[in-house]
Amino acid sequence: MDGRYFQVIARIHTDFPTKFGIPRQSGLIPDLKAEIVFEPEYRNPDALRGIEEFSHLWLIWEFSGAVRKEWSPTVRPPRLGGNTRMGVFATRSPFRPNPVGLSSVQLDSVELHTDRGPVLHVSGADLMDGTPIYDIKPYLAFADSHPDALGGFTDQTRKYGLSVEIPEMLLERIQEKKRESLKAVLAHDPRPSYQDDPERVYGMEFAGYEIKFMVENGILRVTDIELR
């Protein structure tokens, strides 16, 4: 890289210890809460001076669960059923020459002085727990928002939306503050697009729980919730 390199400035802490179930894009599920904790050498509060004036932020981060030496010029986007190949630069696939991700999140609050240094509380993140963050920039609506932009092949793919049924006795096992975000994650259908087996029981880790569910005819039924 011609002597240039990235420094991990922070790590994000979310409810997703694995990749399965993470929203397909940032901002899709505003109820999801996360914390950004800075690495020791970047815990200077001065580096965050003025950030509280912004409502949203850009996060530049590493696909830490998809780092590999090789890359392919084409990938199979899940939204196309995993069967159609598209150019890697026409997708947001994690399997890229450089495993770099970009997400916009809402900034809920800023704590400058904690035992972990400055902490940013954000909503709507689509990152796995512990994901390394390379940079944080303010989101500028006048420059970054393009309401008339075309969505390419994503405009033609199916919309994700399931009815979610969770027995009350199971729902009560989840912390109350996590229940709505869990329902939203499940409603967006965490399964890969090419999987549609009504007999299959899926398992997803979320906020310290193992969530088991089945899907049939557009209805997702939670069958068990266990504390991990």
Side-chain angles (χ1 to χ4, degrees), residues 6-45 47-67 92 94 99-141 144-145 160 164 173-190 203-211 225 227-228:
F6 287 102
Q7 294 278 7
V8 175
I9 66 165
R11 293 183 184 273
I12 193 167
H13 297 284
T14 73
D15 288 325
F16 298 96
T18 67
K19 293 181 289 184
F20 188 83
I22 294 177
R24 292 173 173 83
Q25 304 293 340
S26 59
L28 288 180
I29 305 179
D31 288 332
L32 287 175
K33 304 298 181 182
E35 294 180 341
I36 296 173
V37 179
F38 290 84
E39 296 293 281
E41 59 267 43
Y42 297 102
R43 292 181 179 176
N44 187 335
L48 297 174
R49 188 181 301 171
I51 200 171
E52 72 283 352
E53 298 177 12
F54 296 93
S55 65
H56 292 74
L57 303 172
W58 285 114
L59 306 180
I60 300 172
W61 47 278
E62 180 188 75
F63 282 106
S64 52
V67 176
R92 296 190 176 188
V100 177
L102 178 68
S103 297
S104 61
V105 296
Q106 179 174 306
L107 178 61
D108 296 329
S109 64
V110 181
E111 287 186 282
L112 292 179
H113 304 288
T114 77
D115 57 0
R116 298 177 293 170
V119 176
L120 302 181
H121 297 271
V122 300
S123 298
D126 58 340
L127 285 72
M128 188 169 67
D129 185 51
T131 293
I133 294 177
Y134 290 137
D135 202 4
I136 298 171
K137 301 178 185 291
Y139 177 97
L140 305 178
D144 297 339
S145 178
Y160 293 93
V164 177
R173 298 180 186 178
I174 293 278
Q175 299 177 58
E176 186 173 358
K177 64 180 181 180
K178 300 290 186 181
R179 294 174 187 172
E180 291 306 313
S181 55
L182 171 62
K183 291 178 182 178
V185 168
L186 295 174
H188 274 76
D189 195 352
M204 181 186 79
E205 294 184 45
F206 176 81
Y209 299 88
E210 175 77 13
I211 315 297
I225 296 178
L227 185 64
R228 292 190 60 82

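Since the model is a prediction, treat every value here as computed from it, not as a measurement.
- Put simply, CE on M204 and CG on D15 are 9.5 Å apart, with the number rounded to the nearest 0.5 Å.
- In terms of heavy atoms, M128 sits closest to S64 at CE-OG, 4.2 Å.
- A distance of 7.0 Å separates CD1 of I9 from CD1 of I133, quoted to the nearest 0.5 Å.
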Go through I136 and L48 one step at a time and tell me if the side chain to side chain contact (heavy atoms under 4.5 Å, CB included) criterion holds. CA-CA 10 Å; I136 298 171; L48 297 174; 5.7 Å; no
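- Atom CD of E176 has 12 or fewer heavy atoms from other residues, nucleotides or ligands within 6.0 Å.
- Between the OG1 atom in T131 and the CD atom in E62 there is a gap of 8.5 Å [rounded to 0.5 Å].
- With a 4.5 Å cut-off on side-chain heavy atoms, I12 and V105 do not count as touching.
- To the nearest 0.5 angstrom, I51 atom CD1 is 6.0 Å from L107 atom CG.
- When atom types are taken as modelled, the side chain of R228 and the backbone of E210 share no donor-acceptor pair closer than 3.5 angstrom.
- Taking D144 as the reference, W58, Y139, L140 meet the side chain to side chain contact (heavy atoms under 4.5 Å, CB included) condition, with sequence neighbours excluded.
- Heavy atoms only, all atoms of each residue included: G117 and R43 are closest at CA-CD, 4.0 Å.
- Remark: F63 engages W61 in a ring-ring contact (aromatic ring centres under 6.0 Å, His included) (not counting sequence neighbours).
- Proximity of a side-chain donor or acceptor of R92 to a complementary backbone N or O of R24 within less than 3.5 Å is not detected.
- Contact annotation: the side chain of L182 never approaches that of Y209 to less than 4.5 Å [non-hydrogen atoms, C-beta and beyond].
- The main-chain N or O of I174 is found under 3.5 Å from a side-chain atom of R179 such that the two form a donor-acceptor pair.
- Partner R116 forms a salt bridge (charged side-chain N to carboxylate O under 4.0 Å, His left out) with one of E111, E39, E35 and no other, that one being E35.
- E53 is linked by a side chain to side chain contact (heavy atoms under 4.5 Å, CB included) to nothing, counting only residues two or more places apart in sequence or in another chain.
- Of all the heavy atoms in A125 and L32, the pair that sits closest is O-CD1, 4.0 Å.
- Taking the side chain as every heavy atom from C-beta outward, F16 and V185 approach each other to under 4.5 Å.
- Closest of all the heavy-atom pairs between D126 and Q25 is OD2-C, 3.4 Å.
- Between F38 and L120 the shortest side-chain heavy-atom distance falls below 4.5 Å.
- Closest approach of V110 to L112, counting heavy atoms only: CG1-CD2, 3.8 Å.
- For the atom pair OG1 of T14 and CZ of F206, the computed distance is 9.0 Å after rounding to the nearest 0.5 Å.
- Taking CG of L127 as the start and OG of S26 as the end, the distance is 8.5 Å to the nearest 0.5 Å.
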Where do H121 and S109 land on the side chain to side chain contact (heavy atoms under 4.5 Å, CB included) test, with the steps shown first? CA-CA 5 Å; H121 297 271; S109 64; 3.4 Å; yes
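- Counting all heavy atoms, side chain and backbone alike, K33 lies closest to S123 at NZ-OG, 2.8 Å.
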